[in-house]
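For reference, the structure discussed in these notes is given below.
Just so it is clear, the values below take in all heavy atoms, side chains as well, and ignore hydrogens, waters and symmetry mates.
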Amino acid sequence: MCPIPYYTMIRKSKEKIYFRLKLVMYAEKHGVKPCARDFNTTPKTVRKWVKRYKFQGYNGLEEKSKAPHNIPHKIKPELEKEIIKYKKSLPSWGALRLKRDFDLPCSEKVISRVYKKNNLTKIKRKNHQTKNDLREMKRAWKLFSHNQIDTKDLIDIPEYFIQMRMFDLPKVQYTYREVVSGLQFTGFACERSLTNSKIFVQKIKEHLVKCNVHLKNSIWQTDNGSEFIGSWNAKNKSIFTKAIEDNTPNCIHQTIPPGAHRWQADVETVHRLIEDEFYEVENFTSKKDFSQKITAYQYFFNAVRPNSYKGGKTPLEIIQEREPTIDPKIVLLPPISLDDEFEKLYTKLDPEKIATGGYHLPSYP
């Protein structure tokens, strides 16, 4: 009846129970040995399924587990409970660390099996989920409580480099960004320096205060560049730090841990956007032309351009929703020419000392 061996048929069959049922029905009608001969199996196998069907019915034809009833090397229930307790209290720890730190008397595979069986495996969040969580956290911050400042080299932008050399355009961009609203301000200079950083942050603070922004208890974050902290082994606060913290209650200059560039993600995002949307697409004919175009772009960014990561709103819209008392003209601070501002400060010094030179040459303000 069945030229294919019984065990081969069972392995390949998707309806194993139905095939066994046919075997049992044939055995009851024709006998055990003729059934074994026709189904190409042994009488012992036929008797097994006939007996199971007789006592358990249709469900008796299902495959039973062949696992041993007694496992001599199985861990004790007390140890399993201990592993579960540690995993629940430290969900991010893996089997290796649990075994090492708590000196558990079993292998890593056993520990992994225990917390997998109890659904304690921690699913790692994907990158976009982490970003979404951070955005929600930032939305809950108070407006202007977190501010970031950074610098950007412009000489490594191919589309800008030739124009920079032709028209003597700025080589360094100073960038300020308010984390909650995304408001940005820029400054430009021919070099990075502590003096330029001080002038930049002073101008930003003056503008914010003028527009009714309260900077009390605010944090101003930068990296550890010398243009912000001065010398790496300086024992006193830099003039940049003093410009932030002086005359403002509980205003703090905070630096990121060395190498932790992601802490500056908000201001670094601005650098990427301005390179894609401005430097790579605009052509300049002079310093004046550059100044006009960068001013137009900054006004566009703050007042017109919606930010998809901030609910499709512009920085101005977010500021007006969160703090209606802030003057809408806050977005109208033009990009700051730090070289010009330094020149103004320099000309205010005593001209006799400037003319003398030598040791009487005035220090940078």
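- Checking Asn196 against Ser193 by side-chain atom types alone, a donor-acceptor pair falls below 3.5 Å.
- One finds a salt bridge joining Glu282 and Lys293 here, because a Lys/Arg side-chain nitrogen approaches an Asp/Glu carboxylate oxygen to under 4.0 Å.
- Salt-bridge annotation for Glu62 and Lys16: absent, with no side-chain N of the basic residue lying under 4.0 Å from a carboxylate O of the acidic one.
- The aromatic ring centres of His253 and Trp220 sit 6.0 Å or more apart.
- A salt bridge between Lys237 and Glu245 is present, with a side-chain N of the basic residue lying under 4.0 Å from a carboxylate O of the acidic one.
- Surrounding CZ of Arg165 are at most 12 heavy atoms belonging to other residues, nucleotides or ligands under 6.0 Å away.
- When side chains are defined from C-beta on, Tyr299 counts as touching Leu332, because their heavy atoms get closer than 4.5 Å.
- The distance between the ring centers of Tyr26 and Phe39 falls below 6.0 angstrom.
- The pair Lys344-Asp340 does not count as a salt bridge, with every side-chain nitrogen at least 4.0 angstrom from each carboxylate oxygen.
- Between Glu277 and Arg305 there is a salt bridge, since at least one side-chain N of the basic residue sits less than 4.0 Å from a carboxylate O of the acidic one.
- The neighbour count for Trp263 CH2, taken as heavy atoms of other residues, nucleotides or ligands under 6.0 Å away, does not exceed 12.
- Remark: of the listed residues Gln173, His271, Arg192, Arg192 is the sole one forming a side chain to side chain donor-acceptor pair (under 3.5 Å) with Thr151.
- Checked against the 6.0 Å centroid criterion, the rings of Phe144 and His214 do not qualify as a close aromatic pair.
- To the nearest 0.5 Å, atom SG of residue Cys106 and atom CZ of residue Arg113 are 9.0 Å apart.
- Of the charged side-chain nitrogens involved, none lies within less than 4.0 Å of a carboxylate oxygen, so that Glu268 and Arg262 do not count as a salt-bridged pair.
- Between Glu63 and Arg20 there is a salt bridge, with a side-chain nitrogen of the basic residue lying less than 4.0 Å from a carboxylate oxygen of the acidic one.
- Using modelled atom types and a 3.5 Å distance limit, the side chains of Ser337 and Asp339 yield no donor-acceptor pair.
- Between Phe284 and Phe278, the ring center distance clears the sub-6.0 Å criterion.
- Under the side-chain contact (heavy atoms from CB on, under 4.5 Å) test applied with Phe185, the options Thr175, Leu208, Val331 reduce to a single match, Leu208.
- Look at Asp168 and Lys287 and you find a salt bridge, because one of the NZ, NE, NH1 or NH2 atoms lies within 4.0 Å of a carboxylate O, short of that distance.
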